[in-house]
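One structure is given here, and the rest of the page talks about it.
Computed from heavy atoms alone, side chains included, the values below leave out hydrogens, waters and symmetry copies. Since the structure is predicted, the reported quantities are computational estimates derived from the model, not experimental observations.
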Amino acid sequence: MLLCAAVAALLVLPAAAQSIRVKEIAAVQGVRSNPLTGYGLVVGLDGTGDQTTQMPYTGQSLANFLQQHGLTLPSGANPQLKNVAAVLVTAELPPFARPGQPIDVTVSSIGNAKSLRGGTLITTPMRGADGEIYALAQGNLMVGGAGASAGGSKVQINHLSAGRIPGGGQVERAVPTPLNVGDTVDLGLDSNDFQTASRVTAAINKAFGGNVASAIDGRVVRLQAPTDPSERVAFLARVEEVRIESSVPTAKVVINARTGSIVMNQAVTLGPVAVAHGNLSVSISSTPVVSQPNAFSGGETVVREQANIQISQDKGSLIQMGPAANLADVVKALNALGATPQDLLAILQAIKASGALNADLEVI
């Protein structure tokens, strides 16, 4: 309810139309990052590594690594490693990345290591979705947490089983992009909206003159771009700075069922509806009762529990909620119910089912 009241306070005044740049609602198709993943080992830990008896793949990985460097462990050897941890290494390969360019990597433990603090990641190849190696990662980990334990007590701040290596990855292979292929370039809108696509097309044609842009559907706007790469880059830079008037989004109410958060945009309206709201509470209390036998009876004293169960229900009233034309009115009408955010989850779903809530209801 406090969240709804805060939203209402911000939306008492009518929102003026705002202009936004094309780059804030669209992106050039084909220009994207690519996720990379690798499996590696972190060494140099201060006795906080994996327990190899429970994580055999850590010892096997180290044996394979040593064999690549000409060292073969004796048959049947099972070294008890305490300073080594098996990890997964992840990174994002940015668009237009070239060999030799550094990228940040994240290192996360996949075993039972207590901490990665002070460890060093040995050279780890990082692969893309096609299985090819696009980068190599190596370096000293930066772990933001700290912890200590003794005598069965433990104190920990933040997370110790994950860390980052700024610039710890090096690009080994570039990913080709279709930016300079063909005579056209497609802009992909962040959301599927025909009105926004139409406005973007009109704004670009007005800025450049002629029919430079054409809307393919509600998400794609096709541009007639220069063939020279340098001119194409300058052309797209101008396109990204073109301003358009922001359109009213689709009415939507987003409900987080785990936290009880409710967020709605300015397009939400409410039709006439009547809502009855009441609370039912159950209280259970237990009182110890002592049963004392008579003298010389030979009985034993027995302690029993006597349970007391009470059910109470608050008085509920039928509240008439008139039509609300804007978000502020909707919030005021919901606040009149006196319901908590958790109660509003069920109330909004019931109002939507009755057809009085003019918005899409999304539960996350």
Is it the case that the side chain of [X] and the backbone of [Y] share a donor-acceptor pair, with hydrogens and angles ignored and the cut-off at 3.5 Å?
{"X": "N112", "Y": "Q51", "value": "yes"}
{"X": "S115", "Y": "R117", "value": "yes"}
{"X": "R222", "Y": "T184", "value": "no"}
{"X": "N83", "Y": "V43", "value": "no"}
{"X": "S61", "Y": "Y57", "value": "yes"}
{"X": "R232", "Y": "P226", "value": "yes"}
{"X": "N140", "Y": "I165", "value": "no"}

Shortest non-hydrogen contact from [X] to [Y]?
{"X": "A162", "Y": "S108", "result": "CB-OG, 4.0 Å"}
{"X": "R127", "Y": "I133", "result": "NH1-CG1, 3.5 Å"}
{"X": "A85", "Y": "L45", "result": "CB-CD1, 3.7 Å"}

Can you name the ring-ring contact (aromatic ring centres under 6.0 Å, His included) partners of F65, sequence neighbours left out?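 Listed in chain order: H69.
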
I'd like to know whether NZ of K82 has more than 12 heavy-atom contacts from other residues, nucleotides or ligands below 6.0 angstrom.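 No - once you tally the heavy atoms of other residues, nucleotides and ligands closer than 6.0 Å, there are 12 at most.
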
Would you say D190 has more than 12 foreign heavy atoms packed within less than 6.0 Å of its CG?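 Atom CG in D190 is packed in, count exceeds 12.
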
Name all pairs fulfilling the salt bridge (charged side-chain N to carboxylate O under 4.0 Å, His left out) condition that reach into residues 161-179, sequence neighbours left out, sorted by first residue then second.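 Residue pairs passing salt bridge (charged side-chain N to carboxylate O under 4.0 Å, His left out), neighbours aside: D104-R164, E132-R173.
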
State which residues pass side-chain hydrogen bond (donor to acceptor under 3.5 Å, both in side chains) with E92; sequence neighbours excluded, sorted by chain then number.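 With sequence neighbours excluded, E92 shows a side-chain hydrogen bond (donor to acceptor under 3.5 Å, both in side chains) to S33, given in chain and number order.
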
Check side-chain hydrogen bond (donor to acceptor under 3.5 Å, both in side chains) between D360 and all other residues, then give those that pass, not counting sequence neighbours.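 Applying side-chain hydrogen bond (donor to acceptor under 3.5 Å, both in side chains) to D360 gives none.
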
Could you go through the side-chain contact (heavy atoms from CB on, under 4.5 Å) check for Q170 and Q101 one step at a time? CA-CA 6 Å; Q170 179 173 311; Q101 178 180 337; over 6 Å; no

Among Ile, Leu, Val, Met, Phe, Trp and Tyr joined by side-chain contacts under 4.5 Å, find the other residues sharing a cluster with I364 and list them by chain and number.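 Members other than I364 - counting any ILVMFWY side chain reachable under 4.5 Å - are V254.
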
For F208, which fellow cluster members are found when Ile, Leu, Val, Met, Phe, Trp and Tyr are connected by side-chain heavy-atom distances below 4.5 angstrom, either directly or through intermediates?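 Members besides F208, by chain and number: I20, V22, I25, V28, V31, F96, L179, V185, L187, L189, V200, I204, V212, V221, L223, F235, L236, V239, V242, I244.
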
Is there a continuous path of hydrophobic side-chain contacts, each under 4.5 Å between heavy atoms, that joins V181 to V175?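 Looking at the clustering, V175 is in a separate group from V181.
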
Taking NZ, NE, NH1 and NH2 as the nitrogens, is one of them in E24 or R21 under 4.0 Å from a carboxylate oxygen of the other?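 Yes, E24 and R21 are salt-bridged.
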
As a quick check of understanding, evaluate side-chain contact (heavy atoms from CB on, under 4.5 Å) for V253 and V268, giving each step before the final call. CA-CA 7 Å; V253 178; V268 176; 3.9 Å; yes

Could you please spell out the steps behind the side chain to side chain donor-acceptor pair (under 3.5 Å) verdict for S261 and N256? CA-CA 5 Å; S261 303; N256 191 322; 5.3 Å; no

Heavy-atom distance under 4.5 Å between the side chains of V87 and I110, does that happen here?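 Contact flag for V87/I110 side chains = no.
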
